[in-house]
Amino acid sequence: MTRFLLVLVFCTYFLPLAAQRQCVSGEYAETIKSKFPHEQQARVQSESTDDANYNTPDTATITIPVVIHVVYFSNEQNISLQQIQSQLDALNKDFNGQTTDLQKIPAYFKPLAAGAGVRFELAKKDPQGFSTSGINRIKTTKRYFKDDDQVKFTTSSGADAWDASKYLNIWVCDLDLNLMGYASFPGGPANRDGVVIDYKVFGTAPYVSGAYNKGRTLVHELGHWLGLKHLWGDYWCGDDGIADTPPQQKGSRGCPSGEIFSCGTTSHGDMYMNFMDFTDDACMYTFTAGQRAAMRSNFKPGGYMYALTQSDAARSEGIAKAPLPETSTEPQATPSIRLFPNPVQGKLTLDLKSEVPAYTTLQVFNHMGQQIFQQQISQTVTTISTSQFKPGIYFVQLKGNAGEWREKFVKM
């Protein structure tokens, strides 16, 4: 099935300081449509899918291999494994209806509540078949990122997506101002597929504080990634295309209670405890059976995400890692050696200063650990033409009597 349906959801949330969420996904989608008019028909065909087509007898849990790209500028942004695991635990509870918060659902909505039957697990095998932790740590030169997808490309000091047919890509970084996260909808470009989320709302307490400390910003965004709209369909009393979510005028705020009738004469008012509303983390805790069916429809044969169900990236271990694995902590240059400019477009200069003849061999590896260049060193200053290198991340390695020295550089 074609992947040229470009419908990105862009959610601009106010951070805990502002105590509410705000999302402009409808406006953002309209902008994308104007830039890519040839994809409009595919989008219309996708959005016109009838609820009846969502019905499926499949009840098996769907496991999705995940790669977390931690793109950090400061040590604080280089989040811990414990914080990452807290987010995965939250996802798996919320997407499978296993949270104790479900007891808070009003009696009239409880029959509609449903888990999605989707489980998220860190990948064990990278795209080249090597063993991986499923966490890709990248030191960036950018202090923060915006909603322009630069975090998704090494050429803009981010991290390239792993094969979207085998992995769910999640980028964790420092997002600009009050931006908390945004997601792609099913059918977008593969190299932009996934979710971007701010590190300050990724995971649960005690790693995250404030009104968004239960990991549900990512639950909300993954709902979009799986094709769900906001309850009001991004229009005043609009339609999200799901039969069992009541009409709603707009997003809810804070932690509502009781019956709230914002749009017409619905039976019991707004379903503000739904993950696709704007309430605080403590007050959103359910999907509906209709939303479950809609999300799972992506994994049917011929569906946008069917290939993910065939991926073994989270089921089987990879082989021994490449010499320069993408998940390792980047080696630091010693003060006596300089590699510049970095990023580079043309010539890369290596200033060994007093280290000649301590190092005699220079090698360059790509991000997969494959050697693509080698030369002998005989001078204090050596230059390398990078014109034959494709844009991306590379590593310089020096060998000699002093042992080995490595440093990363980015080709623009």
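No hydrogens, no waters, no symmetry mates; every other heavy atom, side chains included, goes into these values. We count residues from 1, following the sequence as given.
- Residues satisfying the salt bridge (Lys or Arg N to Asp or Glu O under 4.0 Å) test with Asp89, not counting sequence neighbours, are none.
- Ion pairing between a basic and an acidic side chain is recognised when a charged N comes within 4.0 Å of a carboxylate O; Lys146 and Asp148 show no such pairing.
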field: Asp351 and Phe340: CA distance, side-chain angles, deciding distance, side chain to side chain contact (heavy atoms under 4.5 Å, CB included) verdict
entry: CA-CA 8 Å; Asp351 185 354; Phe340 63 93; 4.1 Å; yes
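- A cation-pi contact, defined as under 6.0 Å to the ring centre and within 45° of the axis, is absent between Lys125 and Phe130.
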- request: Give the intermediate values and the outcome of side chain to side chain contact (heavy atoms under 4.5 Å, CB included) for residues Phe409 and Leu339.
  value: CA-CA 8 Å; Phe409 70 91; Leu339 187 69; 4.2 Å; yes
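- Between the side chain of Asn298 and the backbone N or O of Leu226 there is at least one donor-acceptor pair closer than 3.5 Å.
- Counting only distance, with no hydrogens or angles, the side chain of Ser86 and the backbone of Gly203 share no donor-acceptor pair below 3.5 Å.
- Counting only distance, with no hydrogens or angles, the side chain of Arg192 and the backbone of Asp149 share no donor-acceptor pair below 3.5 Å.
- Side-chain polar atoms of Thr288 and Thr245 form no donor-acceptor pair below 3.5 angstrom.
- A heavy-atom distance below 4.5 Å is found between the side chains of Phe109 and Pro246.
- Between the side chains of Glu407 and Asn342, no donor-acceptor pair of N or O atoms lies under 3.5 Å.
- Side-chain N or O atoms of Thr279 include one that pairs as donor or acceptor with a backbone N or O of Tyr272 at under 3.5 Å.
- No side-chain donor-acceptor contact under 3.5 Å links Gln291 to the backbone of Phe287.
- Proximity of a side-chain donor or acceptor of Ser133 to a complementary backbone N or O of Ile135 within less than 3.5 Å is detected.
- Of all heavy-atom pairs between Thr286 and Ala113, the closest is OG1-CB, 3.4 Å.
- Residue Lys347 qualifies as open at atom NZ: its count of foreign heavy atoms under 6.0 Å is 12 or below.
- When all heavy atoms of Ile64 and Leu308 are compared, the pair lying nearest together is CG2-CD1, 4.4 Å.
- In this structure, CD1 in Ile62 is found 7.5 Å from OG1 in Thr309, a value given to the nearest 0.5 Å.
- The side-chain heavy atoms of His224 and Glu221, taken from C-beta on, include a pair separated by under 4.5 Å.
- Using a 4.5 Å heavy-atom cutoff, the side chains of Asp174 and Lys200 are in contact.
- A side-chain donor-acceptor contact under 3.5 Å links Asn169 to the backbone of Trp162.
- Residues Asn366 and Phe389 form no side-chain contact, since every pair of their non-hydrogen atoms from C-beta on lies 4.5 Å or further apart.
- Gln83 contributes a side-chain N or O that, together with a main-chain N or O of Phe202, makes up a donor-acceptor pair within less than 3.5 Å.
- The two residues Trp171 and Ala159 make their nearest non-hydrogen contact at NE1-O, 2.9 Å.
- Here the CE-CG distance, from Met295 to Leu228, works out to 5.0 Å after rounding to the nearest 0.5 Å.
- Counting only residues at least two apart or on different chains, no disulfide (SG to SG under 2.5 Å) pair has a member in residues 165-194.
- Between Phe395 and Phe365, the distance from one ring center to the other does not fall under 6.0 angstrom.
- A heavy-atom distance below 4.5 Å is found between the side chains of Pro127 and Tyr167.
- Contact detail for Ile197 and Ile170: the closest heavy-atom pair is CG2-CG2, 4.2 Å.
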task: Go through the steps for Arg119 and Asn96 under the test side-chain hydrogen bond (donor to acceptor under 3.5 Å, both in side chains), then give the verdict.
output: CA-CA 8 Å; Arg119 182 169 182 81; Asn96 290 282; over 6 Å; no
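- Side-chain contact check for Lys408 versus Ile138: some heavy-atom pair is nearer than 4.5 Å.
- The one candidate from Asp281, Thr204, Asp94 that meets the side chain to side chain donor-acceptor pair (under 3.5 Å) condition with Arg216 is Asp94.
- The local environment of NZ in Lys93 is sparse, with at most 12 non-hydrogen atoms from other residues, nucleotides or ligands closer than 6.0 Å.
- Not a single donor-acceptor pair under 3.5 Å links the side chain of Asp270 to the backbone N or O of Gln248.
- Using a cut-off of 4.0 Å between Lys/Arg side-chain N and Asp/Glu carboxylate O, Arg315 and Asp312 are scored as not salt-bridged.
- The two residues Ser311 and Pro65 make their nearest non-hydrogen contact at OG-CG, 3.6 Å.
- Other residues, nucleotides and ligands contribute over 12 non-hydrogen atoms within 6.0 Å of the CD atom of Gln375.
- To the nearest 0.5 Å, atom CH2 of residue Trp232 and atom CE of residue Met276 are 8.0 Å apart.
- A distance-only check finds no donor-acceptor pair linking the side chain of Ser184 to the backbone of Asp193 [under 3.5 Å].
- In this structure, the separation between CD on Gln345 and CE on Met412 is 6.5 Å, given to the nearest 0.5 Å.
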- request: Apply side chain to side chain contact (heavy atoms under 4.5 Å, CB included) to Gln150 and Lys142, showing your working.
  value: CA-CA 10 Å; Gln150 288 196 24; Lys142 291 183 176 293; 2.9 Å; yes
- request: Show your working on side chain to side chain contact (heavy atoms under 4.5 Å, CB included) between Leu112 and Met271 and close with a plain yes or no.
  value: CA-CA 10 Å; Leu112 303 178; Met271 190 182 284; 3.8 Å; yes
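- Atoms NZ and OG, on Lys411 and Ser387 in that order, are 6.5 Å from each other to the nearest 0.5 Å.
- If you take CE on Met305 and CZ on Arg296, they are separated by 13.5 Å, rounding to the nearest 0.5 Å.
- When all heavy atoms of Asn78 and Arg137 are compared, the pair lying nearest together is OD1-NH1, 2.5 Å.
- At a threshold of 4.5 Å between non-hydrogen side-chain atoms, the residues Asp160 and Asn191 do not count as touching.
- Here the side chains of Leu348 and Val396 are in contact, with some heavy-atom distance below 4.5 Å.
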